[in-house]
Amino acid sequence: MDLPHRCAMFRLQIVFCTLSVLLSLSFGGDVKSRSCNDVRQAYTAKGFSLASVPHQEISGEHLRVCSQGYTCCTSEMEDSLGQQSKLEFENLVEEMSQNLRTTFTSRHKKFDEFFLELLENSQRSLNDMFVRTYGKLYMQNSEVFQELFTELKRYYTGGNVNLQEMLNDFWSRLLERMFQLLNSQYHFTDDYLECISKYTDQLKPFGDVPRKLKAQVTRAFIAARTFVQGLMVGREVANRVAKVNVSPGCSKALTRMLYCPYCGGLPDLKPCGNYCQNVIKGCLANQADLDPEWNLFIDAMLLVADRLEGPFNIEAVMEPIDVKISEAIMTMQDNTMQVSAKVFQGCGHPKPAGMGRSTRGITDTFNARFRPYSPEERPTTAAGTSLDRLRIVWRTMQQSVVDIKEKLKESKRFWSGLPNSICSEGRVVSSDSEQCWNSHTKGRYFPEVVKDGLTNQLHNPEVEVDITRPDTFIRQQIMTLRMMTTKLRNAYNGNDIYFQDSSDEGSGSGSGSGCTEGCTTEFEFTGTEAPVVSADRSDGQAASGHATSCVAASSVLLTSLALQLVLLWQWR
């Protein structure tokens with residue numbers, strides 16, 4: 001028989017063998033391999049009805065995400081599994097970020113409560129001390145001191161208060177009251193009192209206490225308020241970003257990764273680790289772009305946390321503030337003659353008081369000169385606690401500062417590390433890198449893992465990501481963090497950036513958690529309109545052969561038929 005006839009016979013034999021195999025698979029092969037029983041069990045375990053699940057594989061040309069070969073999925077099943085994959089992904093991101101969000105929420109509440117308690121206890125302590133020391137004389141002028149604490153609290157809770165000006169006003173008012181008490185034999189007009197206040201800096205009637213206290217209070221309150229505001233902003237940003245916006249491209253990729261194995265009759269097959277990484281990196285590309293600004297924010301929080309442990313911490317300032325103010329009053333008593341002489345020289349000699357006005361001297365006005373209380377004499381507050389007890393609370397808070405610093409350090413690079421955290425979970429990915437779902441069958445996943453961030457998703461083989469349109473919501477959070485970072489850095493250096501007064505908008509200022517411009521800033525980002533850039537999904541497969549012989553022609557035919565067999569088998 002000549003060569004052409006032998007080639008023809010060879011081709012016929014190949015075709016006959018192939019057809020025999022196909023017929024065997026379709027009609028007389030392994031019935032179990034075509035059964036959808038495993039899929040039915042897994043599907044109903046998810047809480048879905050079995051009404052739409054076939055008992056045996058059906059043709060899959062109706063599928064839009066999974067392979068259109070023979071399948072155990074109907075269109076209704078594919079839609080349900082797609083919604084399920086989206087829900088599971090959203091829950092997974094929230095769950096993986098739970099510790100981070102809880103850290104900011106609980107620490108914000110703890111520090112806020114402590115600082116407010118410290119303020120209230122300091123105010124009660126001063127009031128008790130001054131009532132015992134000056135009695136009715138203090139009570140008649142107590143509003144001067146009450147207003148000081150009111151303004152300190154308003155500043156801490158987000159009010160637009162200039163600390164230095166407020167403290168200057170306090171000392172000026174105290175000087176006016178003290179000067180009148182120490183010179184009660186004279187009558188002072190409002191204009192004369194205003195003249196006195198202008199000489200406060202020159203006279204230094206309270207010694208060096210106002211200057212030192214101003215420096216201490218300013219640094220302490222700026223650090224305390226900004227730190228608590230930072231915890232609040234971190235909490236809000238984390239809560240917002242944890243609620244992911246699943247794009248259509250991400251939704252398809254999640255379905256293909258998590259549930260297309262169901263459609264292929266392999267419901268127990270988990271995705272390969274690197275495959276999972278590419279899918280999640282594509283879905284969380286914008287969240288990863290938050291990371292650089294998040295890391296800078298955490299660094300700034302750590303700086304201010306150091307201030308809470310340093311010599312200007314708020315406890316070290318507020319705990320003895322009553323003693324410091326009383327020292328200032330004592331200083332003015334000691335120097336009353338010199339101060340009065342300078343005031344009379346600069347503002348003129350006041351007129352004597354009228355007949356009905358007291359002309360008692362200083363020793364009559366102040367029955368008891370100020371003397372600092374010893375620790376055992378420190379007054380107990382109305383609530384049954386004292387500042388000595390508050391020192392114990394502060395020591396606990398010092399441990400909380402150490403704790404929050406460690407937690408903050410652990411939260412760095414959180415958002416860019418989220419895909420790895422999710423894909424390292426045994427419940428999500430397979431531990432076997434050779435026998436895992438690789439997006440179309442059981443086997444090894446070969447593509448490289450893409451880098452983090454939006455721009456690096458152009459070549460993501462699993463998720464279609466439009467890199468020309470950044471998520472405006474994430475950009476808003478980036479700007480919020482950037483503004484808070486600036487405030488934190490300034491607070492570390494002792495400089496204040498005024499927060500918007502929450503009372504101006506009727507939101508109240510009951511605690512340090514009152515929302516400030518750090519969490520209300522709207523940032524508008526306009527993306528350039530452009531078509532979606534699809535990822536390159538070509539397999540790069542090529543065939544080579546000898547086109548000049550009958551053996552080559554037969555080889556091509558054999559390869560074609562073999563590929564058909566493989567495609568049929570991969571869905572069994």
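Worth knowing before you read on, the calculation uses all heavy atoms, side chains too, and leaves out hydrogens, waters and symmetry mates. Note that the structure is a prediction, hence the values are computed from the model and not measured.
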Partner of Asn141 by side chain to side chain donor-acceptor pair (under 3.5 Å), out of Arg173, Gln180, Arg177: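 Result: among Arg173, Gln180, Arg177, Arg177 is the only option passing the side chain to side chain donor-acceptor pair (under 3.5 Å) with Asn141.
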From CA spacing to verdict: salt bridge (charged side-chain N to carboxylate O under 4.0 Å, His left out), Arg101, Glu95: CA-CA 10 Å; Arg101 292 182 288 117; Glu95 181 182 331; over 6 Å; no
Set of residues satisfying ring pair (Phe, Tyr, Trp, His ring centres under 6.0 Å) with respect to Tyr138, sequence neighbours excluded: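 Partners of Tyr138 by the ring pair (Phe, Tyr, Trp, His ring centres under 6.0 Å) criterion, ordered by chain and then number, come out as Phe130, Phe145.
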Other residues, nucleotides, ligands: >12 heavy atoms within 6.0 Å of Asn91 CG: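 Yes - once you tally the heavy atoms of other residues, nucleotides and ligands closer than 6.0 Å, there are more than 12.
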CG (Asp208) with more than 12 external heavy atoms under 6.0 Å: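 Atom CG in Asp208 is packed in, count exceeds 12.
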Centroid-centroid distance, Tyr192 to Phe179, less than 6.0 Å: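 Aromatic pair excluded; centres sit 6.0 Å or further apart.
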Ring center gap for Trp294 and Phe414 short of 6.0 angstrom: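 That pair fails the under 6.0 Å test.
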Stepwise ring pair (Phe, Tyr, Trp, His ring centres under 6.0 Å) test for Phe111 and Phe227: CA-CA 9 Å; Phe111 279 97; Phe227 186 74; 5.2 Å; yes
Quick one: [atom1] on [X] to [atom2] on [Y], what's the gap to the nearest 0.5 Å?
| X | Y | atom1 | atom2 | result |
| --- | --- | --- | --- | --- |
| Lys405 | Glu410 | NZ | CD | 14.0 Å |
| Leu213 | Ile325 | CG | CD1 | 6.5 Å |
| Thr226 | Lys487 | OG1 | NZ | 8.5 Å |
| Thr150 | Met166 | OG1 | CE | 10.0 Å |
| Leu174 | Ile329 | CG | CD1 | 5.5 Å |
| His108 | Glu113 | NE2 | CD | 10.0 Å |

Using only heavy-atom distances, determine whether the side chains of [X] and [Y] contain a donor-acceptor pair under 3.5 Å.
| X | Y | value |
| --- | --- | --- |
| Asp466 | Thr468 | yes |
| Asn168 | Lys214 | yes |
| Lys342 | Gln202 | no |
| Asp452 | Ser416 | no |

Donor-acceptor under 3.5 Å ([X] side chain, [Y] main chain):
| X | Y | result |
| --- | --- | --- |
| Asn127 | Gln123 | no |
| Ser122 | Leu118 | yes |
| Thr218 | Ala215 | no |
| Asn239 | Arg235 | yes |

Summary of disulfide (SG to SG under 2.5 Å) pairs that have at least one residue in residues 125-185, sequence neighbours excluded: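 Applying disulfide (SG to SG under 2.5 Å) to every pair that reaches into residues 125-185, excluding sequence neighbours, yields nothing.
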Qualifying residues under side chain to side chain contact (heavy atoms under 4.5 Å, CB included), relative to Glu90, sequence neighbours excluded: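 Result, side chain to side chain contact (heavy atoms under 4.5 Å, CB included) vs Glu90: Lys86, Leu87, Val244, Val246.
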Derivation and outcome, side-chain hydrogen bond (donor to acceptor under 3.5 Å, both in side chains), residues Asn286 and Arg475: CA-CA 9 Å; Asn286 284 283; Arg475 266 52 197 177; 3.2 Å; yes
Pair Phe170-Val144, side chain to side chain contact (heavy atoms under 4.5 Å, CB included): steps then yes or no: CA-CA 7 Å; Phe170 165 74; Val144 176; 3.9 Å; yes
Minimum heavy-atom distance Leu119-Leu152, with the two atoms named: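 Closest approach of Leu119 to Leu152, heavy atoms only: CD2-CB, 4.0 Å.
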Parallel, tilted or perpendicular, as decided by the 30° and 60° cut-offs, for the rings of Phe206 and Trp171: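 Because their plane-to-plane angle lies in the 30° to 60° range, the rings of Trp171 and Phe206 count as tilted.
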Stacked cation flag Arg307 on Tyr492, 6.0 angstrom / 45 deg: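 Yes, Arg307 sits over the ring of Tyr492.
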